[in-house]
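Data first, discussion second: the structure below is written as structure tokens.
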Amino acid sequence: MPSCWSFLLSPVADPASQRVRTYHARRGRLSDNHRAALANVGERWLLDPTGDELDLAAVFGRPAPVVLDIGCGMGESSLAQAVAAPDASILAIDVHTRGIATLLRHGEEARLTNVRAVLGDAVTFIEQRVRRGSLAGARIYFPDPWPKVRHHKRRLVQPDFVALLVDRLASGGFIHCATDDEGYAAQMLEVVDAEPRLENPFADFAPRHLTSSTLPGAVDRPVTKYERRAGRLGHPVRDVWATRRLPA
Ligand SMILES: C[S@@+](CC[C@H](N)C(=O)[O-])C[C@H]1O[C@@H](n2cnc3c(N)ncnc32)[C@H](O)[C@@H]1O
């Protein structure tokens with residue numbers, strides 16, 4: 001592995017460590033396959049989580065709508081989105097090294113060219129590297145629910161974070177969230193409704209199946225292990241969809 005990527009094998013350095021952490025600390029060793037994925041294709045796929053603003057058209061080698069998949073986990077959904085909408089560019093972000101390594105491995109096997117990944121804190125990445133008004137959308141599927149009341153401050157979908165995201169969205173750009181935690185679903189709806197630059201065309205939770213024929217940028221959210229588990233537990237999954245208002 002080139003020495004410049006060796007940081008990938010250590011725990012994620014979080015320059016925003018002063019901030020309340022929205023993710024669970026993970027331990028455990030990387031398998032040889034994960035190490036190989038990071039070493040072999042990391043340079044082509046990975047973007048540094050900190051640094052100057054990115055020229056996203058240059059990053060993807062084409063001008064195309066860019067959608068963030070925030071907290072992408074193992075990348076199951078990011079890769080499905082990339083296949084379902086080849087004209088869009090997907091930027092998948094997670095702090096979980098094994099998750100990102102898995103995404104790299106499967107993305108490379110599928111020879112996808114419209115995905116890049118960030119191993120690091122999404123809030124820091126968006127703050128530092130994403131230009132205002134440059135995103136077509138952001139997806140936040142099954143963010144860590146932090147169900148205990150004393151942990152609610154760790155939830156990602158909060159007014160400040162949504163305000164940051166909206167700042168980076170182009171006019172008409174979307175935010176699409178999903179969760180099977182009832183309380184978090186209500187919080188997502190409340191936060192989106194309270195953000196004056198967003199409009200929710202459904203005025204409530206969105207339907208489970210969305211398509212780009214009715215909502216620009218929408219893909220039918222793929223079923224991942226979190227939705228399968230919710231089904232087994234009998235937890236309803238809620239979707240929240242909102243778009244950045246067009247200028248008056
Ligand atoms: C429950 S998993 C969901 C994974 C995926 N979205 C899915 O639906 O299969 C939530 C993920 O969000 C990631 N996460 C939480 N806070 C994050 C942050 N601030 N930046 C990047 N990733 C974060 C966690 O590491 C975890 O992998």
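Just follow the structure's listing: the first ligand is 1, and inside any ligand the first atom is 1.
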Should the proximity of [X] to ligand 1, defined as any heavy atom under 4.0 Å, be assigned to the side chain, the backbone, both, or neither?
{"X": "Ala178", "value": "neither"}
{"X": "Thr224", "value": "side chain"}
{"X": "Phe142", "value": "both"}

[atom] [closest protein heavy-atom partner, distance rounded to 0.1 Å]:
{"atom": "atom 9 (O) of ligand 1", "answer": "Tyr226 CD1, 3.2 Å"}
{"atom": "atom 4 (C) of ligand 1", "answer": "Gly71 O, 3.3 Å"}
{"atom": "atom 19 (N) of ligand 1", "answer": "Asp121 OD1, 2.6 Å"}
{"atom": "atom 14 (N) of ligand 1", "answer": "Tyr23 CB, 3.9 Å"}
{"atom": "atom 8 (O) of ligand 1", "answer": "Tyr141 O, 3.4 Å"}

Inset, instruction - Write down the atom of Leu198, the atom of Ile175, and the distance for their closest heavy-atom approach. - result: CD1-CD1, 4.1 Å
Legend entry - For the student: nearest non-hydrogen atoms of Arg168 and Val130, plus distance: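 Closest approach of Arg168 to Val130, heavy atoms only: NE-O, 2.7 Å.
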Inset, instruction - Check whether any side-chain heavy atom of Leu210 sits under 4.5 Å from a side-chain heavy atom of Asp220, and report yes or no. - result: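 No, their side chains stay 4.5 Å or more apart.
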Taking the six-membered ring of [Y] (Phe, Tyr or Trp), confirm whether the NZ or CZ of [X] is under 6.0 Å from its centre and within 45° of its axis.
{"X": "Arg244", "Y": "Phe174", "answer": "no"}
{"X": "Arg21", "Y": "Tyr23", "answer": "yes"}
{"X": "Arg154", "Y": "Trp146", "answer": "yes"}

Inset, instruction - Give a yes/no verdict on whether any heavy atom in Cys72 is under 4.0 Å from an atom of ligand 1. - result: yes
Inset, instruction - Please verify whether a non-hydrogen atom of Gly120 lies at under 4.0 Å from ligand 1. - result: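 Flag set, Gly120 near ligand 1.
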Inset, instruction - Before signing off on this row, confirm whether Thr22 and ligand 1 have an N or O atom pair separated by under 3.5 Å. - result: yes
Inset, instruction - May I ask you to check whether His176 and Tyr141 place their ring centres under 6.0 Å from each other? - result: yes
Legend entry - Asp69 side chain to Cys72 backbone, donor-acceptor under 3.5 Å: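 Not confirmed, Asp69 side chain does not pair with Cys72 backbone.
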Legend entry - Pairing of Asp52 and Arg129 as salt bridge, 4.0 angstrom limit: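 No.
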Inset, instruction - Just go through Ile140, Val223, Asp94 and tell me whose heavy atom is the nearest to atom 13 (C) of ligand 1. - result: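 Looking at heavy atoms only, the winner is Asp94.
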Legend entry - Heavy-atom nearest neighbour of atom 20 (N) of ligand 1 within options Pro49, Ala122, Ser78: Ala122
Legend entry - Distance filter under 4.0 Å to Gly73 heavy atoms, resulting ligand 1 atoms: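 Every atom of ligand 1 under 4.0 Å from some heavy atom of Gly73: 4 (C), 27 (O).
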